[in-house]
Amino acid sequence: MESSFCDHTEIRHDGREPVVKFRRGASNASDGGADRESYEDVDLGTGGTDGGSTGRLRRNTAELASGFGSIVGGVGEVDADALGLCEDEFTVEQAVEAIGFGWFQIKISALVGFCWMADAIEMMLLSIISPELRCLWNLERWQEALITTVVFIGMFTSSTLWGKMCDKYGRRTGLIACTTWLFYHGLLSSFAPTYVWILILRGLVGFGIGGVPQSITLYTEFLPSKTRGMCVVFTAVFWAFGTVVEVLLALIVMPTLGWHYLLLFSAFPVLIFVLSCKWLPESARYYVACGNQQKAHEILKAVALANNKPMPLGKLKIEEVPVKRGSYADLFKTKEMGITTVLLLFIWFANAFAYYGIVLMSTELFATGNTCSSEGQSQKQLECFDACKSLTTNDYVLLLWTTLAEFPGIILTFVIIEKLGRKKTMAVEFLFFAIFVFLLFICSSMTLMTVFLFAARGFISGAFQAAYVYTPEVYPTATRALGVGSCSAMARIGALLTPFVAQVMLGVSPHLAISIYGGVALVAVIACLALPVETKGREMQTVATKSKPKSATSEAGTSR
């Protein structure tokens with residue numbers, strides 16, 4: 001006869017991380033009532049901080065009434081009706097840590113990654129079509145910059161709205177809604193007949209893009225702490241791949257079919273993601289925040305089955321969370337949280353301002369050839385910047401080289417984020433971005449300028465990705481999506497301002513434009529180091545709590 005079990009807990013106060021013994025297999029009536037027990041020790045510790053148990057849990061099983069459960073594929077399951085009979089409890093965090101990383105996380109990595117790739121395609125095309133439309137419609141420089149700015153205005157307007165929606169109605173629901181909106185208006189923008197229409201439709205595209213960062217919110221809530229940082233950084237590979245695809249697509253489409261078809265083809269990856277969302281699960285942490293124990297438990301069982309790992313036997317603990325979710329006041333609920341929020345808002349602003357600035361500035365500098373601005377050359381340079389010039393095949397090749405810089409930037413972040421921590425990783429990469437931006441002051445050859453742009457883009461893309469790791473980790477479940485959304489909205493302010501520096505001011509004073517980017521990055525270095533919480537190895541919080549210092553034991557546990 002097969003049966004499933006609830007756990008009885010013994011606490012051992014030896015300072016070690018909690019470990020649960022899960023039973024694999026079943027008792028057999030033919031054994032004269034004796035149980036054949038096969039246990040597996042599963043580490044539930046995530047660093048021992050913020051209220052985690054400091055004991056070692058040893059689970060001994062006691063058989064439930066027959067019919068309450070079954071053993072499926074070697075993984076113990078508990079029937080929903082039997083949950084109430086189990087005295088022992090486990091949290092979502094403990095379950096995620098126990099189940100670990102496996103096939104389920106690989107699947108969701110691919111889905112979230114494809115979402116980022118589609119988003120990157122939509123964003124990268126801005127630096128490609130702007131010079132083309134300027135020549136086609138005889139636009140002024142500020143009008144060219146506005147094509148990019150309206151996208152970021154739409155993103156700024158919607159980022160917090162999508163965040164509130166994801167906190168109230170679910171991460172998956174909000175993500176499907178924003179990407180469907182994005183595809184529809186991206187498709188319509190390919191038919192834009194005039195400058196005004198391109199502004200309106202690309203602004204609506206930006207409104208949809210504002211919700212894409214919520215895919216990281218959903219993603220991080222399924223990741224165990226030991227692999228969370230590296231996994232989120234790895235999604236940037238998809239972003240980088242998307243930017244490369246867009247440059248190659250432009251290289252093929254622009255000289256032959258034109259910008260209308262570039263916009264058309266760029267919209268379809270978003271549609272593919274929308275159709276793939278049927279395989280995208282809702283977050284178990286979101287269901288816990290809603291008080292829906294059964295659905296959260298079902299999600300966790302699906303994760304355990306996909307990973308072929310044991311499911312903790314017992315009752316899923318529903319921790320007390322605010323009844324009202326998605327409140328802006330919760331972002332400043334404690335002094336520590338308020339300082340963190342203020343600093344993160346600026347860090348995200350600096351990331352977007354610098355990242356999109358280097359992307360837009362690259363195409364402008366490739367079109368003009370240098371950043372020299374001596375007295376004797378000033379008038380000639382202004383004429384060069386003001387001249388209408390579409391990107392050539394050679395310009396696309398150079399743009400492709402700077403785009404490829406994102407890959408080494410990602411690799412660097414992947415390597416150091418778990419060694420230095422989130423804060424120091426962001427600070428180091430902002431510092432080196434500033435150094436290579438200031439090197440653009442040198443009146444250099446096109447090759448050397450490409451090297452400087454390559455390095456600067458690599459470092460700032462790494463810093464941006466590290467911010468995507470840190471932000472969901474530092475906010476509790478009830479305000480996580482809103483926190484990410486608010487930071488994303490602040491990033492859009494930086495992004496909507498940067499075209500006027502990278503495209504307009506660069507034409508008047510290249511040195512002033514470069515100084516602004518380097519200066520903002522240096523201030524961001526200080527902001528990163530001033531963050532009061534380091535989230536490396538820390539479990540994701542359900543409710544806002546004051547950060548506690550790591551014990552020596554927990555620090556050793558997270559370094560493995």
Apply side chain to side chain contact (heavy atoms under 4.5 Å, CB included) to the pair Y475 and M337, showing each step before the final yes or no. CA-CA 8 Å; Y475 286 110; M337 185 63 70; 3.5 Å; yes
Begin with the C-alpha distance, continue with both residues' side-chain angles, and end with the deciding distance and a verdict on salt bridge (charged side-chain N to carboxylate O under 4.0 Å, His left out) for E144 and R134. CA-CA 6 Å; E144 177 191 1; R134 181 179 174 227; 3.8 Å; yes
Working note: V205 + I209, criterion side chain to side chain contact (heavy atoms under 4.5 Å, CB included); need CA distance, chi angles, decisive distance, verdict. CA-CA 6 Å; V205 165; I209 295 176; 3.8 Å; yes
Give the C-alpha distance, both sets of side-chain angles, the deciding distance and a yes or no for side chain to side chain contact (heavy atoms under 4.5 Å, CB included) between M254 and L262. CA-CA 7 Å; M254 289 294 283; L262 181 64; 3.7 Å; yes
Should F191 and L263 be marked as a side chain to side chain contact (heavy atoms under 4.5 Å, CB included) after you check the CA-CA gap, both sets of side-chain angles, and the distance that decides it? CA-CA 9 Å; F191 299 99; L263 289 174; over 6 Å; no
Steps toward side chain to side chain donor-acceptor pair (under 3.5 Å) verdict (S461, E406): CA-CA 6 Å; S461 67; E406 302 209 9; 4.6 Å; no
Step-by-step salt bridge (charged side-chain N to carboxylate O under 4.0 Å, His left out) determination, R171 to E282: CA-CA 6 Å; R171 282 70 160 122; E282 183 54 86; 5.2 Å; no
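Considering all non-hydrogen atoms of both residues, V437 and G518 come closest at CG1-N, 4.0 Å. When all heavy atoms of S109 and F238 are compared, the closest pair comes out as O-CE1, 4.1 Å. Heavy atoms only, all atoms of each residue included: F222 and Q105 are closest at O-NE2, 2.9 Å. Closest of all the heavy-atom pairs between A240 and T243 is O-OG1, 2.6 Å. Considering every non-hydrogen atom in both R422 and I417, the closest pair reads NH1-O, 3.5 Å. In terms of heavy atoms, V525 sits closest to A427 at CG2-O, 3.5 Å.
Separation of atoms CE (M426) and CG (N351) is listed at 8.0 Å; rounding is to 0.5 Å. For the atom pair F464 CZ and I347 CD1, the distance stands at 11.5 Å (nearest 0.5 Å). Between atom CG of residue L440 and atom CG of residue L448 there is a gap of 9.0 Å, rounded to the nearest 0.5 Å. A distance of 7.5 Å separates CG of L111 from SG of C277, quoted to the nearest 0.5 Å. Atom CG of L161 sits about 10.0 Å away from atom CZ of F156, to the nearest 0.5 Å. Remark: E221 CD to R228 CZ distance equals 10.0 Å, nearest 0.5 Å.
The shortest side-chain heavy-atom distance between S486 and L482 falls under the 4.5 Å cut-off. With a 4.5 Å cut-off on side-chain heavy atoms, Y356 and P499 do not count as touching. Here the side chains of L204 and Y184 are not in contact, with every heavy-atom distance at 4.5 Å or above. Residues W348 and T471 form a side-chain contact, since some pair of their non-hydrogen atoms from C-beta on lies under 4.5 Å apart. Between F332 and T341, the closest side-chain pair of non-hydrogen atoms falls below 4.5 Å. Taking the side chain as every heavy atom from C-beta outward, T498 and Y355 never approach each other to under 4.5 Å. At least one side-chain heavy atom of W162 sits less than 4.5 Å from a side-chain heavy atom of F207. Between L280 and L175, the closest side-chain pair of non-hydrogen atoms falls below 4.5 Å.
Close placement of the Y468 and W116 rings is indicated, their centers lying within 6.0 Å of each other.
For R202 and S189, the side-chain atoms include at least one donor-acceptor pair closer than 3.5 Å. A donor-acceptor contact closer than 3.5 angstrom links the side chains of E246 and S266. Of the N and O atoms on the side chains of Q465 and T235, at least one donor lies less than 3.5 Å from an acceptor on the other residue.
Q143 contributes a side-chain N or O that, together with a main-chain N or O of E140, makes up a donor-acceptor pair within less than 3.5 Å. With hydrogens and angles ignored, the 3.5 Å screen pairs no side-chain donor or acceptor of T227 with any backbone N or O of L223. Although no hydrogens or angles enter the test, the distance criterion places no donor-acceptor pair under 3.5 Å between the side chain of D119 and the main chain of C115.
Between F349 and F353, the angle of the ring planes stays under 30°, which puts this pair in the parallel group of the 30/60° scheme.
Heavy-atom contacts from other residues, nucleotides or ligands closer than 6.0 Å to CZ of F454 number more than 12. More than 12 heavy atoms of other residues, nucleotides or ligands shown are found within 6.0 angstrom of CZ on F407. Applying the 6.0 Å contact sphere to CH2 of W103 captures no more than 12 heavy atoms from other residues, nucleotides or ligands.
Evaluated for a side chain to side chain contact (heavy atoms under 4.5 Å, CB included) with Y195, the options L133, N138, I147 yield exactly one hit, I147. None of F459, F452, F438 except one satisfies the ring-ring contact (aromatic ring centres under 6.0 Å, His included) rule with F432; the exception is F459.
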